[in-house]
Student: 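Next up is a structure, given as structure tokens.
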Amino acid sequence: MAEKTHPGAAGRAPKAVRPDEIRNVVLVGHSGAGKTTLVEALLAATGTIQRPGRVEDGSTVSDYDEVEIRQHRSVNLSVAPLEHRGVKVNLLDTPGYADFVGDLRAGLRAADAALFVVSAVDGVDGLTRMLWEECAQVGMPRAVVITKIDQQRGDFDEVLAACQEAFGEGVLPCWFPVGNKLFGLLTQTCFDYASGTRVECEPDPQYLDRIAEQRSALIEGIIQESEDETLMDRYLAGEELDVASLIADLEKAVARGGFYPVLCTAVPHGDRPGPVIGVLELLEVITQAFPSPLEHGLPPVTTIDGRPVEDLTCDPDGPLLAEVVKTVSDPYVGRISLVRVFSGTLRPDTVVHVSGHGLTDRGHEDHDVDERIGALSSPLGKHQRTIDACIAGDVCAIAKLTRAETGDTISDKDRPLLMTPWRMPDPLLPVAIEAKSKADEDKLSQALSRLVAEDPTLRLENNAETRQLVLWCMGEAHADVLLDRLKSRYGVEVETVELRVPLRETFGGRARGMGRHVKQSGGHGQYAICHVEVEPLGSGEGFEFTDKIVGGVVPRQFIPSVEKGVKTQMARGVVAGYPVVDIRVKLFDGKAHSVDSSDMAFQTAGALALKDAASKVPMLLLEPVDELEVLVPDEYVGTVMSDLSARRGRVLGSESVPGGRTMIKAEVPQLEITRYAIDLRSMTQGTGTFTRRFLRYEPLPSHLADKVAATGQQG
């Protein structure tokens, strides 16, 4: 059996005493690009672990969750700190699959720079393009590393061109690969890795022209971003520019997000042997060119009552400000909070204030509580190594914070603060579940509350109308992982069931009905008769009750009873068990008994009168219709519009959006979009997104209405 841990994994944690000694780097890119394998290579190269693990064996530092080991892919944000030349680097490995965008966004929040990992075999996908744009919007410094350059189908030049086309200007290589060699375009040094170690060598003559072309492009790109306005003139005049100055200018441009160096690596993977190429060069860029926390601004901060706070900086001696970027429930340790400290210093055994606001729609109650910090640790995958403090700019883990959830702010108890939460997409795939047994049902509520605390992209809905428990997920893979965790982590087995869409009923025309509730069985009897006239109202007009009784045939005190009975029957439905809406009910006649009439008797008569009227006129089933806004790349517009029409949707129009995308607006019945999150992703190669909001109820087509009425969807 493959070994699941590293002999050196639980050793001493790297420690930084100043923020300028820290780099927080998030690795992003599509699934299969090699992010986790690259993290293993970086950890091994710095001696953090004795040897790199393999994704296939489930022995990597990053992918330690049982689900990740089984599925051979990352589904969680994980942290792997290392130290290189006196700089502590927190590598934040993120999932590459769109369903786990919550962990990816958390990684972006905790980081000060992003490393885009692109496979030389697979190139740039649509999701990676979208992530690049997202980083650009917040000014996140970025670099690109092209992996798998040693694979037979890997083409560095082709993928470099694809990156430049996708990411725009400023994306230029710093190293040029030739077989097992790397040529430094600025330093003009060449290293050969064929022996398994880095050996300086001479470049192959046939590549000199290509190297010179790439070097010129790199120097011109650096000059354009340089603050020295004389550089371009000197370069065009033929002056040989100082390499050290060019490197310094490059590092400054990368740190401020104006230049994006491209590097390349080859790491032995799976059963493919070979030398490790480019990892040391990548470490140099990360530690020297990526910004420290001092160079990356803090997210917006307010007081608890909403007043802006602008005097905070990344100062270990300043007021405490930290954020929970991820929450994990460990069956043995309990709740573990992964925290990024933005200001001040976290220390064990101190009382802090925990604030969480703005996610009530997803099951997170707003809260302001004081909690005591227990032990602090530096996580290396699943290993927690105890530390005595965590300074501004660093990342750590806190065990057993009972109320803290993902997205919460941690601050001084005497100066409570609140950080503006990062933008989180809405979960749009509903999955209805039921406990398999009574024992599972007893444990389900607590297990779900823990999942919700961990994952802000999950929304839990207990739909009283359809009597279903619904998990709103990001996609099919997200749902699979949640159900897997319920079973493997919390011992709760559930079944997925068909989702019920809350339909409505209404009258298809005007009708009269009589309700007769007469029982004589000795002693007090029951006596109530009422006649009503029912007519439909316009969509969304609700319910009206009109009293047209003349001569007291129905005593005044029982008229509200008739209305109450009608409303009760409306809630129960009259055809397929769905609520009746948009009708006017007129009470115009009836009979009462001086002794046997009662409130309950007239309630029953009112309900019977409505059912009687419904039997004399066609009843309509109404379905909810949502307004959809679908954002897709231009090349998928025709496919998506055709699909919406096939779902009985009405396309209202479209408009161009910057970045070669189109926003399509449509009205579509909810019955047709229960799995739209999955279908849209399939149609657009993962690049399409949509939002939805309830619009109104409309009549269900007769052929579908007959089917629903026959099956009695709600039982």
Student: Please give me the minimum heavy-atom distance between A576 and E505, naming the atom from each residue.
Tutor: N-OE2, 2.8 Å

Student: Are more than 12 heavy atoms from other residues, nucleotides or ligands located less than 6.0 Å from atom NZ of K591?
Tutor: no

Student: Suppose we screen for side chain to side chain contact (heavy atoms under 4.5 Å, CB included). Which residues come up paired with V138, at least two apart in sequence or across chains?
Tutor: M140

Student: Run the salt-bridge test on D122 and R153 with the 4.0 Å N-O cut-off and return the result as yes or no.
Tutor: no

Student: Tell me every residue that passes side-chain hydrogen bond (donor to acceptor under 3.5 Å, both in side chains) with K611, counting only those two or more places apart in sequence or in another chain.
Tutor: none

Student: Under a 4.0 Å N-O cut-off, is there an ion pair linking E623 with R696?
Tutor: no

Student: Pairs in or reaching into residues 647-696: which pass ring-ring contact (aromatic ring centres under 6.0 Å, His included), with residues at least two apart or in two chains?
Tutor: Y676-F690, F694-Y697

Student: Under the rule for side-chain hydrogen bond (donor to acceptor under 3.5 Å, both in side chains), what residues qualify as partners of E461, not counting sequence neighbours?
Tutor: N463, W472

Student: Any donor-acceptor pair under 3.5 Å linking the side-chain atoms of S62 with those of T36?
Tutor: no

Student: Could I get the full list of ring pair (Phe, Tyr, Trp, His ring centres under 6.0 Å) partners for F507, not counting sequence neighbours?
Tutor: none

Student: Got a list of side-chain donor-acceptor pairs under 3.5 Å for residues 659-666, not counting sequence neighbours?
Tutor:
residue: R661; atom: NH2; partner: E133; partner atom: OE1; Å: 3.1
residue: T662; atom: OG1; partner: D634; partner atom: OD1; Å: 2.7

Student: Hey, what's the ring geometry for H478 with F100, parallel, tilted or perpendicular (30° and 60° as the breaks)?
Tutor: perpendicular

Student: How far apart are the closest heavy atoms of L644 and V668, and which atoms are they?
Tutor: CD2-CG2, 4.0 Å

Student: Taking only residues two or more places apart in sequence or in another chain, which ones pass side-chain hydrogen bond (donor to acceptor under 3.5 Å, both in side chains) with K35?
Tutor: none

Student: How about L537 and I583: do any of their side-chain heavy atoms sit closer than 4.5 Å?
Tutor: no

Student: For S437, enumerate each residue passing the side chain to side chain contact (heavy atoms under 4.5 Å, CB included) test, keeping only those at least two apart in sequence or located in another chain.
Tutor: A439, D440

Student: Between E476 and R675 (salt bridge meaning N to carboxylate O under 4.0 Å), is one present in this structure?
Tutor: yes

Student: Of all the heavy-atom pairs spanning P502 and Q670, show the shortest one and how long it is.
Tutor: CD-OE1, 4.3 Å

Student: Restricting to non-hydrogen atoms, name the atom on P95 and the atom on S74 that form the minimum distance, rounded to 0.1 Å.
Tutor: CB-O, 3.4 Å

Student: Between C473 and V431, which heavy-atom pair has the shortest distance, and what is it?
Tutor: SG-CG2, 4.3 Å

Student: State whether a side-chain donor-acceptor pair under 3.5 Å links T506 with D582.
Tutor: no

Student: Mind checking what makes ring pair (Phe, Tyr, Trp, His ring centres under 6.0 Å) contact with Y527, not counting sequence neighbours?
Tutor: H593

Student: Salt bridge or not for R105 and E134, using N-O below 4.0 Å?
Tutor: yes

Student: Looking at R650 and E698, does any basic side-chain N land under 4.0 Å from a carboxylate oxygen?
Tutor: yes

Student: Can you confirm whether more than 12 heavy atoms, excluding those of K487, are under 6.0 Å from its NZ atom?
Tutor: no

Student: What pairs with E535 under side-chain hydrogen bond (donor to acceptor under 3.5 Å, both in side chains), at least two apart in sequence or on another chain?
Tutor: R510, R584

Student: Cut-off 3.5 Å, side chains only: do T457 and D455 have a donor facing an acceptor?
Tutor: yes

Student: For D547, check salt bridge (Lys or Arg N to Asp or Glu O under 4.0 Å) against everything at least two apart and list the hits.
Tutor: R556

Student: Return the minimal non-hydrogen interatomic distance between S449 and Q446, and the atom names on each side.
Tutor: OG-O, 2.6 Å

Student: Going by the rule ring pair (Phe, Tyr, Trp, His ring centres under 6.0 Å), which residues pair with F558 if we only count those two or more places apart in sequence or in a different chain?
Tutor: F602

Student: Would you call R489 and D65 a salt bridge, using N to O less than 4.0 angstrom?
Tutor: yes

Student: Is it true that S561 and D599 share a donor-acceptor pair across their side chains at a distance under 3.5 Å?
Tutor: yes

Student: Strictly below 4.0 Å, N to O, side chains only: are D484 and R70 in salt-bridge contact?
Tutor: yes

Student: Between the side chains of D125 and R129, is the shortest nitrogen-to-carboxylate-oxygen separation below 4.0 Å, so that they form an ion pair?
Tutor: no

